[in-house]
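Data block below; observations after.
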Amino acid sequence: MVTPDDIRAAAQRIETIIRPTPLRPAPALSAIAGGEVWLKCEHLQETGSFKLRGAANASARLGDVAGVTTASTGNHGRALAYAARQLKLPAVICVSRLVPQNKLDAIAALGAEARIIGASQDEAFQEARRLKRDEGFALIPPFDHSDVIAGQGTLGFEILDEIPDAASIAIPLSGGGLLSGVALAAKSRRPDLRIIGISMERGAAMAASLAAGHPVEVEELPTLADSLGGGIGLKNRLTFQMTRDLMDDLILLNEEEIARGIRHLFRENGEYVEGGAAVGAGAVLAGKLRAENGPLVLILSGRNIDAAQHADILRSGS
Ligand SMILES: *Cc1c(COP(=O)(O)O)cnc(C)c1O
């Protein structure tokens, strides 16, 4: 269970590790959406994504451990490496030998060990489990953990501190840690506020699980919103139920709609974001998300996209 008080406590706990991120108006999107649209610029967070909030809160809550570990090579792995260094805890990020050198370098640059084990993400995860079992490490998962959810939820209070009359918040959705935390915080203060989750059409595990009524696996397909891929865990403990209970609407986007979001945010707002962070803008541009009922806040969740891929996307559309 996570409560609004847990989120308030998390905000204090992580205050010295994270940086507060700006909330910026988006005039072009506002004109299209029929009302005020705001961008919560969490892609400007340290390590390039909001994941630092949850990783920092979970790490700061640990008692006596040998260190922290996870098997994520993406935004969560980076965030955990950074949080651990701030807290002077050893961090081992377990990766498969398929992980490209630039990702290994990024982990090393944050002061963590990238431990290369096996040929798949599964084998890397086995090593993280072994570190927990045999060596006294804490295994910090990317979303389905009460301290991680509480950390991500701090964004919800930050948004309402600045826009108390927000009518809705649009949230990129994968495992649902971000949505669960932000929705819990926001609705504790404003029960009428609407929470809109946005995923890609290709391989959205939470959408498929909600439709089935229980966690299911989906085939993982390549998508521009790569940080929204992956499963929610067949034994999901928290985020499936929280997302089901707290989310008011779910929007799915195709690849071209995501690409348009990336292009628009760069050209009109000067924001360099990854695919998973561009889905709110993509939904507005596609006419799937409106702001007539009051201010709409889009969470720009990360900026970790390959520069060459970003340049290709800018070139590929009008
Ligand atoms: C992890 C991530 C998400 C989704 O967060 P969940 O808590 O898994 O739903 C969205 N955007 C970015 C950039 C991410 O790294």
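Start at 1 with the first residue, then count along the sequence. As the structure is a computational prediction, the values presented were derived from the model and not from experiment. Counting starts at 1 for both ligands and their atoms, in listed order. Side-chain atoms are counted along with the backbone in the values below, which use heavy atoms only and exclude waters and symmetry mates.
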(Q) Tell me the contacting part of Thr239 for ligand 1: side chain, backbone, both, or neither, using a 4.0 Å heavy-atom threshold, strictly below. (A) neither
Q: Give a yes or no on whether a salt bridge exists between Glu42 and Arg53, defined as a side-chain N under 4.0 angstrom from a carboxylate O.
A: yes
Q) Looking at ligand 1, does Gly176 have a heavy atom less than 4.0 Å from it? A) yes
(Q) Considering non-hydrogen atoms of the protein only, which is the closest contact for atom 1 (C) of ligand 1, and what is the distance? (A) Lys51 NZ, 1.3 Å
Q: Would you check the N or O atoms of Glu274, main chain and side chain alike, for any that come under 3.5 Å of an N or O of ligand 1?
A: no
Q: Using a strict cut-off of less than 4.0 Å between a Lys/Arg side-chain nitrogen and an Asp/Glu carboxylate oxygen, indicate whether Arg189 and Asp161 qualify as a salt bridge.
A: yes
Q.
Pairs of nitrogen or oxygen atoms closer than 3.5 Å, one from Leu173 and one from ligand 1: do any exist?
A. no
Q: Please examine the side chains of Leu29 and Glu268, heavy atoms only from C-beta on, and report whether any two atoms are closer than 4.5 Å.
A: no
(Q) If we count only N and O atoms by modelled type, under 3.5 Å, do the side chains of Asp226 and Thr223 hold a donor and an acceptor together? (A) no
Q: Please identify which atoms of ligand 1 are closer than 4.0 Å to at least one heavy atom of Gly177.
A: 6 (P), 7 (O), 9 (O)
Q. In the protein, what heavy atom is nearest to atom 11 (N) of ligand 1, and what distance, to one decimal place, separates them?
A. Ser301 OG, 2.7 Å
Q.
Using a 4.0 Å cut-off to any heavy atom of Gly302, which atoms of ligand 1 qualify?
A. 13 (C)
Q) How long is the gap from CG on Leu314 to NE2 on His310, to the nearest 0.5 Å? A) 5.0 Å
Q. Any idea which atoms of ligand 1 are less than 4.0 Å away from a heavy-atom of Leu228?
A. 3 (C), 4 (C), 10 (C), 11 (N)
Q. Can we say Asp248 and Lys187 salt-bridge, meaning some charged N sits less than 4.0 Å from an Asp/Glu carboxylate O?
A. yes
Q | CG on Leu238 to CG on Asp144, rounded to 0.5 Å | A | 5.0 Å
Q: Can you sort out which atoms of ligand 1 are near Asn75, meaning under 4.0 Å from one of its heavy atoms?
A: 13 (C), 14 (C), 15 (O)
Q.
Give me the residue, atom name and distance of the protein heavy atom closest to atom 8 (O) of ligand 1.
A. Gly175 N, 2.9 Å
Q) Can Glu135 and Arg130 be counted as an ion pair, charged N to O under 4.0 angstrom? A) yes
Q) Taking the six-membered ring for Trp, are the ring centroids of His43 and Tyr272 within less than 6.0 Å of each other? A) no
**Q.** Interfacing atoms of ligand 1 (cut-off 4.0 Å, heavy-atom, Pro172)
**A.** 10 (C)
Q: Report yes if some N/O of Phe143 lies less than 3.5 Å from some N/O of ligand 1; otherwise report no.
A: no
(Q) If the contact criterion is a heavy-atom separation under 4.0 Å, does Leu179 count as touching ligand 1? (A) no
Q. Are Lys288 and Glu257 ion-paired here, with the side-chain N under 4.0 Å from a carboxylate O?
A. yes
Q.
Residue-level breakdown please: for Leu178 versus ligand 1, do any non-hydrogen atoms fall below 4.0 Å on the side chain, on the backbone, on both, or on neither?
A. both
